[in-house]
Amino acid sequence: MKKTFTLLLITAASYASAQKLETLTIEKIMSDPKWMGTSPENVRWSDDSKKVYFDWDPQHTGRNSLYSLIPGSTVPQPATLEERRNLPSNGDWNKKHTIKVFEHNGDIFLFNLNTHRTTQLTSTTERESNPAFSGNETQVVFLRNDNLYALSLNNGQLTQLTNFTQSAISLPVATGGAGQRGGRNAGRQGNAQQNSNTGAQGGGNAQDRWLRNEQTELFEVIRDQAKNERLNTTERRELQPKRLKEIAIGDQYLSFVQLSPSGRYITYRLVKPADGAKSTIVPNYVTASGYTEDIANRAKVGGPQTTSQTFIFDRQRDTVYGICYNNC
């Protein structure tokens, strides 16, 4: 009797379960996936490993919000505004994993894991990005306007490491300037010779002799002034600090700028768009403006391709070496 009742109970449960499963259809699944619930996304630990943060939409609002969960608890809590504001971004840790440098809203910050204190290193209208510790961890290296900078953690000194320019350096034409200077000097000497000849031809009266001497003294003063100016220019040039080498990149795109652990070398890549390359235009009909908009797509296969080259800048020798072509 017990075996018969148990068998009937199992059969009834199986039948009831089958009845419930029958209501689950493809039409129901495809009609609205919200009934299945939403899974957390972008799960990550806090820097102190005391909380787990993730993006979640348990209320089916159509927009994820930041939640946190304490290990050992099963009740997620919405992150507060202050918590979201102070949540450190991804960055670069030091070797001891006690200090992290990161970028937030275009500025550079330091987070100390032992003291849980965040220190802002830069506050500018320009965007700083890709911060990292130098090889000896005494500097923070970052990018600003496609140039590499190093900020000392000991005294706060900011040093520019690269000087990339968008166009080639325009060198002055030496012959033109020298010709102009030579023309002026020749004119002065010609005038002096003409005045001397005029005085000699004029009979050499007292007035002519006085004028000739006055002109000679005037030209001596001018020559002395020019000589002193040349000496002053040379002296100023010698006293000036060594300027950072300009590296012209033209219309190429700069990427992967990195400082070697020793601090001597800087590697970077220049990407040159293909000349005459045509892009495919794909129409987008579902837009916020209500009008059809174009989406630029990649070029056709077989068309002109983008090329790239990797370089090494030797800061000690002040020399640039090309080492690699086409994404190698």
Side-chain angles (χ1 to χ4, degrees), residues 88-111 119-171 237-275 305-328:
S89 305
N90 294 328
D92 183 50
W93 286 94
N94 63 351
K95 297 176 183 178
K96 294 182 179 180
H97 204 83
T98 56
I99 301 178
K100 183 177 75 171
V101 59
F102 63 96
E103 176 263 334
H104 182 65
N105 292 334
D107 290 317
I108 307 300
F109 294 81
L110 273 181
F111 173 73
T119 304
Q120 186 169 356
L121 299 182
T122 65
S123 179
T124 66
T125 56
E126 298 175 318
R127 182 176 183 270
E128 291 91 18
S129 61
N130 299 345
F133 286 103
S134 61
N136 55 11
E137 298 186 347
T138 61
Q139 295 176 316
V140 170
V141 183
F142 59 90
L143 282 174
R144 175 192 291 172
N145 291 333
D146 286 338
N147 277 306
L148 204 62
Y149 290 80
L151 180 64
S152 173
L153 296 177
N154 297 326
N155 55 21
Q157 178 180 350
L158 182 64
T159 304
Q160 184 173 346
L161 303 180
T162 62
N163 187 19
F164 295 109
T165 58
Q166 294 297 324
S167 58
I169 303 174
S170 58
L171 297 176
R237 187 183 301 112
E238 294 176 351
L239 292 176
Q240 284 182 352
K242 183 180 179 181
R243 309 305 301 176
L244 190 60
K245 178 182 180 63
E246 290 189 5
I247 304 176
I249 64 176
D251 58 350
Q252 301 179 90
Y253 297 102
L254 184 68
S255 61
F256 298 103
V257 185
Q258 294 182 341
L259 179 68
S260 66
S262 64
R264 174 175 174 176
Y265 302 99
I266 295 175
T267 58
Y268 61 94
R269 178 181 294 176
L270 294 180
V271 180
K272 184 178 181 180
D275 295 331
Q305 300 298 315
T306 299
T307 59
S308 64
Q309 183 178 7
T310 302
F311 295 86
I312 292 181
F313 172 40
D314 188 339
R315 299 179 59 212
Q316 181 173 323
R317 295 186 177 181
D318 204 25
T319 307
V320 175
Y321 305 92
I323 60 172
C324 192
Y325 290 89
N326 293 336
N327 301 320
C328 56

Parallel, tilted or perpendicular, as decided by the 30° and 60° cut-offs, for the rings of Phe109 and His104: perpendicular

Check: Phe102 and Leu110 side chains under 4.5 Å, non-hydrogen atoms: no

Minimal non-hydrogen separation, Phe133 against Asn94, with atom names: CE1-N, 3.6 Å

Heavy-atom check, side chain of Val257 versus side chain of Asp146, under 4.5 Å: no

Step-by-step side-chain contact (heavy atoms from CB on, under 4.5 Å) determination, Leu153 to Thr138: CA-CA 6 Å; Leu153 296 177; Thr138 61; 5.8 Å; no

Under the side chain to side chain contact (heavy atoms under 4.5 Å, CB included) test, residues paired with Asp251 that sit two or more places apart: none

Donor-acceptor contact present, side-chain Thr162 to main-chain Phe164, <3.5 Å: no

Pairwise distance CZ(Phe142) to CG(Asp92) - rounded to 0.5 angstrom: 14.0 Å

Donor-acceptor under 3.5 Å (Asn130 side chain, Leu143 main chain): no

Asp107 side, atom CG; Thr124 side, atom OG1 - distance, nearest 0.5 Å: 5.5 Å

N/O donor-acceptor pair under 3.5 Å between Arg315 side chain and Ile266 backbone: no

Asp314 backbone acceptor or donor facing Thr319 side chain under 3.5 Å: no

Audit row: Ile108, Leu151, side-chain contact (heavy atoms from CB on, under 4.5 Å) steps and yes/no: CA-CA 10 Å; Ile108 307 300; Leu151 180 64; over 6 Å; no

Over 12 foreign heavy atoms within 6.0 Å of OH, Tyr321: yes

Separation between OG1 of Thr98 and CZ of Phe111, rounded to the nearest 0.5 Å: 10.5 Å

Over 12 non-hydrogen atoms of neighbours within 6.0 angstrom of NZ in Lys245: yes

Exercise: identify the closest heavy-atom pair between Pro131 and Glu103: CG-N, 3.8 Å

Side-chain donor-acceptor pair present, Ser262, Ser260, cut-off under 3.5 Å: yes

Side-chain donor/acceptor of Ser152 to backbone N/O of Gln157, under 3.5 Å: no

Whether Glu137 side chain and Lys95 backbone form a donor-acceptor pair below 3.5 Å: yes

Residues Val101, Ile99; criterion side-chain contact (heavy atoms from CB on, under 4.5 Å); working and verdict: CA-CA 7 Å; Val101 59; Ile99 301 178; over 6 Å; no

Interatomic distance, Lys272 atom NZ to Thr307 atom OG1 [nearest 0.5 angstrom]: 6.5 Å

Salt bridge (Lys or Arg N to Asp or Glu O under 4.0 Å) partners of Arg144, counting only residues at least two apart: Glu126, Glu128

Gap separating the CD atom of Gln316 from the OH atom of Tyr265, nearest 0.5 angstrom: 7.0 Å

side-chain contact (heavy atoms from CB on, under 4.5 Å) assessment of Ile247 paired with Thr165: CA-CA 6 Å; Ile247 304 176; Thr165 58; over 6 Å; no

Rounded distance [0.5 Å steps], CZ in Arg264 versus CZ in Arg317: 5.5 Å

